[in-house]
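Okay, so here's the structure we're looking at.
Everything numeric here is computed off the predicted structure, so don't read it as measured data.
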Amino acid sequence: MSENNLSTCTSSDYTKDTADTVGMDEEVSNSLSTSLSFSQSPILTLKSPIKLTIDENPTCSQNDALNSELLSENNLSTCTTSDYTKDTADTVGMDEEVSNSLSTSLSFSQSPILTLKSPIKLTIGLLDNVEEEADLIYTKPNTKEDNSITVLKCTNEEEYQVMDSVFPNDPVHWPETMSNEILTYFVNLGPCQPLSSDLKYNKVPTKNYGSGNIRSFHESHYFQCLPDGNLTKRTLLSYSPLLDRVFCMSCRLFGLVKAKKSFLSSKGTCDYRNIAKTIHHHECLPEHIQSEISRGLYFTRTRIDITLLKSANHQVAENREILMVIIDALLFTARPNIALRGHDESNTSMNKGNFLELLKLLSKHHGPLNSHLQKIEGKHNRVTFLSSLSQNKLLSILSEIVRSKILFDVKKSGLFSVIIDTTTDVSTLEQFTFLLRYVNDKGKIEERLVALVTSPDSTGKGMYEVFCNITEKYNINWKRDLFAQAYDGAASMQGQYSGLKTLIQNENPNALYVWCSAHLLNLVIVDTCDCCTKTKVFFGDIKALVEFMRARKRTATFVFFQNKLYPNERVRRLKRFSTTRWTSHDRVITVVYEKYAALLQSLNAIASAEDSDRESSSTAKSLSMRLSSFEFIIAMNLVKTIFAITTPVSNYLQSKSIDFIEAINLVDVAKNRLIDLRDDDKCQNLINEAKSFAKDQNLTERNFKEVRLRKKKIMPGELSRDEISSTAQDVFRSDVYFKVLDVIINSIESRFKDSREIMKDLCLLSPERLLSYSKNNSKKLPEDAFDQLAKWIHGINLQDLRVEYLAFSSSLHKLVVGLEPKQLHENVKCIQSSEDSDSSITSYEDDRQVVEKKVSVERILHILSSYNLISAFPNLYKAYKSLGTIPASSASAERSFSKVKLIKTRLRSTTGQDRLESLLILSMEKDIEINYNEAINTFAMTSDVLKKQLL
């Protein structure tokens, strides 16, 4: 055995021929304590007290044997007798096992003896006198040059030291009992999960089970496949390269007695034929689950004293705790758009701003923060973490973490659309907002803010340059992955030659342009308001009324009469009209309709008040007369009826999750409801409601004013009068009611015409069409189904898409119902009669109706993700993913501008652009979690001083 530096002799019970041992590595793995380790190869495992004899000059081909310093108390002596001797009677309970390993151990069940780095010859025998409690002995070579061996001795109470090894976290090193320090040491090392490239010969040892069945451990077992298809790392699994066995780290380190005695915890497993089944079975054991809970509680301890014990530098740990509280305060103020800075933040100031005052409040319940604030008060310190520069750095880092998560999800999705808009802020700067819409890996439609920058040039070319700068800065491949773009109707956005959408489509022809549906519906309302004289006068009167009642004393008068006439109802106020969102008129009309009596009495009181000036009295009297007229009442009822249909649609079109098909369907439903109103009976009902309202309000004018019919003189030769006699009600029906409805219906048709062109290629993906195929399985697809879609969406197999579409539609009802079980427990006994059968049929039909109401594009994406059907329907999923990516409106951009107005107010008009962008991202994307440790580490790397204080 010259290769293994072992010599044999014929007198030994343990003998191997030289020919049998050439190149053979032998390992002994049956041990519960520590090991006598060899740097080249392991020899043997014994479970008994032994006597070790070392020959200083073994007979081998190498002459570089090392002299060993031996301790007499360890019963070690040198001799020239056999390498390994033992009597048969003395070998009871002795266990020997051989396996392959790069650097494993000769292990003993009671205590380790020695580590050797030399060619040796062993004589092993039973000891006569062995104490019951052996001392813990470790050996370690001094230096690489000095190959002498030093034997170190320490007791169990002293600090535990793991012997030198390639894998110090190998399960073979786990002692039976552990102190808190030893447990912390192994927990910090983590599970031993080496790759095959880390092992000897770059491969894992194999086992032959006969008949050519060779198995080995594979590193894929380090990961567990979750139901959503994602992989998560198994922190419980620890592989021992020394023993070629798999152990459960959680049960061994954190488990109770029963868990520690479990198979994977105590002995481990090397049965790699059934390794997956064994791991899964162990993960389901109650004692293992309890061990996992104990492990989780151990890692989530947040007491300050425990944190300080773990840290080598108490001051660093304390600074990190302080910074975590500061980050909490920053997020608390940034997310609800609360101002951070104060006008005077000096030490003598009574109000240092929301941020510093909040930290002062928190310090009463946080010891380290209180100590830090007292230490820096009134003194000049280089590190306070509270300056405006530190605030800006932290805000930028936090927003960058949020943005990086958004961009990661976008790139993982592979498809996205852009939503862009511009506005002027309070400091007259043109703000350019950039949002992305995509479908995440859970099938949920997201619209996220990525950037807010200033745009010096508001033309199409200028905005295109800003767009290119943002995409290049954040490495967004819009020429390949951009699928759609949504803007408002501005000429710089949708211009045919130099608009932003045209410049983008020149580089990416598949970037579909979508005109914001909410803006289109607003334009429809504008057309309605200006279609005839009666509606123009009505909205003019409403606007004059709102402007007149904005004064402080007049508002107080209106509130007084509301409390008097409606004591148990909420006080309402007249809000100003929005110049861009015409559906805001509906709120004003609702207040006028519901508080009509209080409003009329307020105008009369203002007109007759002695302290009112001439202009106020005149205006109040004129408005009172206008509001009391039946012409105003009937116009108010007509507009209120129309807005009751259009306002809910406009609000829903602003939803983030709404898809393009659903938006068009909502518009069509609203149009059909308006068409239903175009009826003589509906017109008469409206007139009767107006008369009833006038009667309830005790108005003198309760009907149309009768206009005297002007008679035309009959000329010679004429036999009858040419004019047709018509009443005021007929004039209202023809010139107002039908005209307004015709204008709004035609406006919807014309303004949503381009959107319907897009629908032609997507109509088969609509949930209604999908449900129609689910009801009729024999129904066939058109011959050209999805032809245009396949040209538009890259990577779709047309034939496979048709097959997947029909297969999915046939099972859609079961999939939807399966996600929402009706009851947790089924009846044990069920006696079914004919009535039960009828009820079951009725229930099935009810289920179908419920399914039809709940199915949407986002719902379909959620079904495919929840059931892990993406791999089964890859083409269908990509088609619906593309459809979900198309935005229905640009309302998210408008919401970002509303946030900008809340953040950059008149008192905060000097806010820097970077700070404004960071605050806006944190405010809009508040649902994205932030890793505080990552933020602190990034913050520490911004300067050498912070690095010294935080790392």
Side-chain angles (χ1 to χ4, degrees), residues 415-425 429-438 447 449-474 476-524 526-527 579-581 653-654 660 663-664 667 747-748 750-762 788 792 882 885-897 900:
L415 286 177
F416 66 89
S417 59
V418 295
I419 301 174
I420 296 174
D421 205 351
T422 59
T423 190
T424 304
D425 62 15
L429 293 176
E430 189 78 7
Q431 297 290 348
F432 181 97
T433 184
F434 182 88
L435 297 97
L436 297 180
R437 179 185 172 100
Y438 60 95
E447 288 184 2
L449 175 68
V450 174
L452 179 77
V453 298
T454 56
S455 176
D457 187 0
S458 60
T459 62
K461 185 177 181 180
M463 287 190 289
Y464 176 73
E465 292 178 355
V466 175
F467 168 81
C468 292
N469 292 336
I470 293 175
T471 54
E472 183 179 358
K473 180 179 179 181
Y474 299 114
I476 301 174
N477 192 348
W478 63 274
K479 295 182 180 180
R480 183 192 64 188
D481 299 333
L482 180 60
F483 195 72
Q485 45 185 331
Y487 320 123
D488 57 16
S492 59
M493 295 289 188
Q494 65 167 352
Q496 184 176 358
Y497 299 105
S498 59
L500 176 60
K501 66 105 174 178
T502 303
L503 296 175
I504 291 177
Q505 287 178 343
N506 291 338
E507 299 291 335
N508 185 356
N510 290 328
L512 175 72
Y513 169 67
V514 178
W515 193 343
C516 174
S517 301
H519 281 85
L520 287 176
L521 191 59
N522 285 334
L523 294 177
V524 170
V526 172
D527 295 340
T579 56
T580 56
R581 298 180 182 178
L653 288 176
Q654 300 173 32
F660 186 76
I664 299 302
V667 174
S747 179
I748 291 175
S750 60
R751 292 193 178 275
F752 286 90
K753 182 180 179 181
D754 294 338
S755 300
R756 297 183 193 283
E757 290 294 328
I758 302 174
M759 277 285 294
K760 290 181 180 179
D761 298 330
L762 303 174
Q788 295 298 324
W792 185 25
S882 303
T885 305
I886 302 176
S889 68
S890 60
S892 294
E894 299 291 345
R895 277 189 286 269
S896 67
F897 293 149
V900 169

Discussion item. Using a 3.5 Å distance criterion without hydrogens, assess whether the side chain of Gln485 forms a donor-acceptor pair with backbone atoms of Ala511.
Written reply: yes
Fill in: Pairwise ring-ring contact (aromatic ring centres under 6.0 Å, His included) hits with a residue in residues 488-516, at least two apart
Tyr487-Tyr513
Worksheet item: For the atom pair OG (Ser747) and CZ (Phe752), what is the distance rounded to the nearest 0.5 Å?
Response: 8.5 Å
Fill in: Flag, side chain of Thr471 to backbone of Ile476, donor-acceptor distance under 3.5 Å
no
Discussion item. Just verifying a value: how many Å separate Asp425 CG and Gln431 CD, rounded to the nearest 0.5 Å?
Written reply: 4.5 Å
Discussion item. Between Phe432 and Thr454, is there a side-chain heavy-atom distance shorter than 4.5 Å?
Written reply: no
Practice prompt. Look at the side chain of Ser455 and the backbone N and O of Met463, then say whether any donor-acceptor pair between them is shorter than 3.5 Å.
Written response: no
Worksheet item: Which residue pairs pass the salt bridge (Lys or Arg N to Asp or Glu O under 4.0 Å) test when at least one of the two sits in residues 498-518, sequence neighbours left out?
Response: Lys479-Glu507
Practice prompt. Answer yes or no: is there a side-chain heavy-atom contact under 4.5 Å between Ser498 and Thr459?
Written response: no
Worksheet item: Hey, does Asp488 have a side-chain heavy atom less than 4.5 Å from the side chain of Met493?
Response: yes
Fill in: Side-chain heavy atoms of Val900 within contact of Leu452, under 4.5 Å
yes
Worksheet item: Which pair of non-hydrogen atoms, one from Leu503 and one from Gly460, has the smallest distance, and what is that distance?
Response: CD1-O, 3.7 Å
Discussion item. Could you check whether any side-chain heavy atom of Leu435 comes within less than 4.5 Å of a side-chain heavy atom of Arg437, counting everything from C-beta outward?
Written reply: no
Response to the item:
Asp481 meets the salt bridge (charged side-chain N to carboxylate O under 4.0 Å, His left out) criterion, sequence neighbours left out, with none
Worksheet item: Are any of the side-chain heavy atoms of Phe467 and Val418 separated by less than 4.5 Å?
Response: yes
Worksheet, complete the sentence: From the list Leu500, Asp457, Thr502, side-chain contact (heavy atoms from CB on, under 4.5 Å) partner of Tyr464 resolves to Leu500
Discussion item. Does the plane of the ring in Phe483 sit parallel, tilted or perpendicular to the ring in Trp792? Use 30° and 60° as the thresholds.
Written reply: parallel
Response to the item:
Between the CG atom in Leu436 and the OH atom in Tyr474, the distance rounded to the nearest 0.5 Å is 11.0 Å
Worksheet item: Do Phe434 and Val466 touch side chain to side chain, with heavy atoms closer than 4.5 Å?
Response: no
Discussion item. Minimum heavy-atom separation for Ser889 and Ile419, please, with both atom names.
Written reply: O-CD1, 4.0 Å
Item to complete: Assess the side chains of Glu430 and Ser458: does a donor N or O sit below 3.5 Å from an acceptor N or O?
Response: no
Worksheet item: Is there a donor-acceptor contact under 3.5 Å from the side chain of Asp421 to the main chain of Ser890?
Response: no
Worksheet item: Taking atom types as modelled and ignoring hydrogens, do the side chains of Ser896 and Thr433 form a donor-acceptor contact shorter than 3.5 angstrom?
Response: yes
Item to complete: Any chance you could measure Asn510, atom CG, to Leu482, atom CG, to the nearest 0.5 Å?
Response: 9.5 Å
Discussion item. If you compare all heavy atoms of Phe660 against all heavy atoms of Pro887, which two are closest, and at what distance to 0.1 Å?
Written reply: CD1-O, 4.0 Å
